[in-house]
Amino acid sequence: MIRLVKDKLAGAGMLALAGVPGLVVFAMILGLYGRSRPILAAKPLSELLFSSSWHPLRGEFGLFTFIMGTLWVTAVAVAIAIPLCLLASIYLAEYAPRRLREWTAPLIDLLAGIPSVVFGVWGVLVVVPLIKNHVAPLAGVSSSGYCVLAAGIVLAVMVFPVIVHVSVEVLKTVPNEVREASLALGATRWQTIRHVVMRKAMPGVIAAVVLGLSRAFGETMAVLMVAGNVAAVPKTVFDPAYPLPALIANKYGEMLSVPMYDSALLLAALALLMVVLLVNVAARAILLRVERSVQ
Amino acid sequence: MRGAMDHDPPIRVKNLNIYYGREHALKNISVDIPGRTITAIIGPSGCGKTTLLKSFNRLVDLADGVAVSGEVLVDGENIYAPGVDVTRVRKKMGLLSQKPYPLPMSIYNNVAYGPRIHGTKKRGELDRIVERRLRESGLWDEVRDRLHAPASKLSLGQQQRLCLARGLAVEPEIILCDEPTSALDPVSSRRIEERFRELKSSYTIVVVTHILRQAKRLADYVIFLYLGELVEHGPAGKIFEEPEQAMTREYVKGSIS
């Protein structure tokens with residue numbers, strides 16, 4: 001009798017604990033919404049999201065510049081990271097001798113553990129001058145080096161361990177017999193990887209990329225240090241950007257005497273959260289379709 | 001071309017030794033596999049049956065720390081000689097594994113996969129190949145109106161016949177089978193065996209099996225391995241009725257397993 005009660009209690013307790021993360025997200029959205037209500041009441045949402053005029057002292061709080069900043073930086077990071085990570089994971093999972101794989105795995109995990117401010121410093125000391133002195137002149141433009149490209153490169157390096165780690169695990173779950181089936185037909189290793197292994201692993205690889213993407217959207221410190229933080233919509237990758245997290249981190253806590261400022265920043269936070277949620281939902285939808293078509 | 005070689009064995013194994021790290025998996029094996037017959041490789045589990053089979057198309061290469069010495073001659077060519085194009089060797093042989101592993105694509109594309117990677121691109125030609133091979137493996141009537149459904153939707157028995165069709169589509173001379181019915185129900189197993197009997201007039205078939213009754217039903221020629229050594233080989237009737245070695249006698253009677 002007591003055993004059964006304990007069983008029930010344990011079940012209920014664990015359910016409650018498992019619910020906590022979900023509740024936290026919900027509470028955050030609710031809290032942010034509550035705090036941004038003053039500005040939502042004062043201005044139409046379309047103006048807040050799609051106007052690029054940010055003049056807090058004049059009471060203008062258009063977030064478009066910052067949303068575009070976030071999208072630009074993330075897009076560049078993903079464009080660099082995806083080919084890099086895919087090829088690296090394919091090499092590690094399919095070609096590398098087991099020794100090498102066992103050696104590199106902890107190194108890659110270590111990369112994931114490096115504090116983001118260190119990546120930021122590396123960006124300032126290495127990536128920014130490199131772009132200013134070599135890459136931008138090569139492209140025929142002048143740039144301070146603090147720009148979308150610098151932020152994208154730093155971010156790509158930061159999401160690399162996340163994406164590679166998960167992708168390698170995913171590739172290792174593809175049964176060897178499937179590879180053998182393709183090889184036995186006289187396919188080369190590369191044909192086997194391209195047409196069979198990657199196909200089979202695609203849902204997992206997409207999940208890995210999304211995981212990296214979520215991190216890229218939210219990354220604050222390293223991006224803030226190299227993106228330039230100029231409130232203008234970037235036109236090329238050599239222009240500076242001012243992503244949402246950088247805005248919040250830079251401005252929150254100062255100038256709070258300006259009316260609505262605080263509310264506008266929390267709306268920015270809400271927008272960021274929503275972008276991340278939307279990307280995750282979209283990715284999940286893609287995942288479901290891919291899973292169905294692969295089987 | 002095949003006709004001219006009928007008198008030479010399609011596969012000739014000479015002093016083959018295979019090691020996995022320190023484990024000596026195959027010990028000095030020499031044997032000829034006769035053409036256009038069904039050869040069964042029998043023996044208890046772990047005796048090296050699968051290793052011997054996979055040495056014929058160099059799939060043993062994939063194992064970690066594997067070392068091979070000796071020769072395997074396929075159509076007179078030593079496939080372990082340096083500079084051999086492994087993909088060309090493998091194309092000569094279809095493979096059926098223990099469990100069917102359809103490629104993650106449609107039924108049609110599973111069969112068309114081999115011809116495509118070897119350069120057949122024309123739709124009409126692929127259509128003909130797919131139909132012909134699916135008929136040959138006895139699956140056509142069951143799948144003709146859902147060729148573009150995912151192969152994973154088929155039953156296990158159908159999947160195994162699909163794998164057979166997939167292997168036949170690259171026009172092999174030899175079909176290698178590793179316990180091809182061990183995951184199948186009796187009805188599906190029987191259908192696979194029927195296919196083998198039909199196909200042996202045009203292909204050399206090598207079947208690894210631990211099911212003695214299956215070997216007796218199917219085999220024309222039998223190779224008996226025990227702990228990595230070749231104990232005895234010969235025509236099926238002789239191995240099953242009057243084996244020379246005491247060990248073979250005990251195994252075919254079922255007293256060792």
Side-chain angles (χ1 to χ4, degrees), chain A residues 86 89-105 167-208 286-295, chain B residues 50 53-54 56-65 85-106 109-119 148-154 159 162-163 165-172 174-178 183:
Chain A
L86 275 190
S89 347
I90 289 174
Y91 175 74
L92 286 175
E94 302 289 324
Y95 288 92
R98 209 172 52 190
R99 265 296 169 65
L100 183 69
R101 195 162 66 211
E102 282 163 3
W103 270 95
T104 46
S167 303
V168 168
E169 291 302 317
V170 167
L171 287 171
K172 279 199 289 187
T173 62
V174 175
N176 253 327
E177 286 82 353
V178 177
R179 291 186 186 87
E180 285 185 1
S182 168
L183 291 171
L185 293 167
T188 62
R189 221 156 160 189
W190 177 240
Q191 285 172 323
T192 301
I193 290 167
R194 217 162 61 109
H195 300 301
V196 179
V197 179
M198 279 313 287
R199 240 185 121 91
K200 193 105 180 158
M202 200 39 93
V205 171
I206 291 177
I286 296 173
L287 207 63
L288 277 179
R289 287 196 55 162
V290 173
E291 261 168 4
R292 221 170 285 146
S293 75
V294 165
Q295 280 179 351
Chain B
T50 299
L53 188 82
K54 287 187 174 175
F56 296 163
N57 66 353
R58 288 194 55 174
L59 274 184
V60 282
D61 294 16
L62 302 182
D64 270 320
D85 177 0
V86 182
T87 59
R88 202 172 42 78
V89 171
R90 288 182 181 149
K91 186 176 174 295
K92 290 183 184 172
M93 301 178 214
L95 174 75
L96 274 190
S97 54
Q98 286 188 20
K99 257 182 69 187
Y101 280 93
L103 301 174
M105 46 189 84
S106 67
N109 286 336
N110 259 274
V111 185
Y113 178 81
R116 275 204 186 110
I117 58 173
H118 293 293
H148 297 283
S152 56
K153 291 274 189 286
L154 298 173
Q159 285 182 16
L162 177 66
C163 291
R166 181 179 71 194
L168 294 175
V170 294
E171 301 179 3
I174 301 161
I175 303 173
L176 306 177
C177 314
D178 187 4

Original post:
Of the listed residues (A/His195, A/Arg98, A/Glu177, A/Gln191), which shares the most heavy-atom pairs with chain B below a 4.5 Å separation?
Top reply: A/Glu177
**OP:** Kindly give the heavy-atom pair with the smallest separation between B/Gly167 and A/Leu185, and that separation in Å.
**Re:** CA-CD2, 3.8 Å
**OP:** Could you tell me which non-hydrogen atom of B/Arg166 sits nearest to which non-hydrogen atom of A/Ala181, and how far apart they are?
**Re:** NH2-CB, 3.2 Å
Original post:
In Å and rounded to the nearest 0.5 Å, what is the CG to CZ distance from B/Asn109 to A/Arg199?
Top reply: 7.0 Å
Original post:
Where on A/Pro175 is there a heavy atom nearer than 4.5 Å to chain B: the side chain, the backbone, both, or neither?
Top reply: side chain
**OP:** Against chain A, label B/Arg88 side chain, backbone, both or neither, depending on which of its atoms sit under 4.5 Å from a heavy atom there.
**Re:** neither
Original post:
How far apart are the closest heavy atoms of A/Thr192 and B/Tyr113, and which atoms are they?
Top reply: CA-OH, 3.9 Å
Original post:
Where on B/Lys99 is there a heavy atom nearer than 4.5 Å to chain A: the side chain, the backbone, both, or neither?
Top reply: neither
Subject >> Contacting moiety of B/Ile117, where chain A heavy atoms sit under 4.5 Å >> reply: both
**OP:** Sort out for me which residue in B/Leu62, B/Val86, B/Leu95, B/Thr87 forms a side chain to side chain contact (heavy atoms under 4.5 Å, CB included) with A/Leu183.
**Re:** B/Leu62
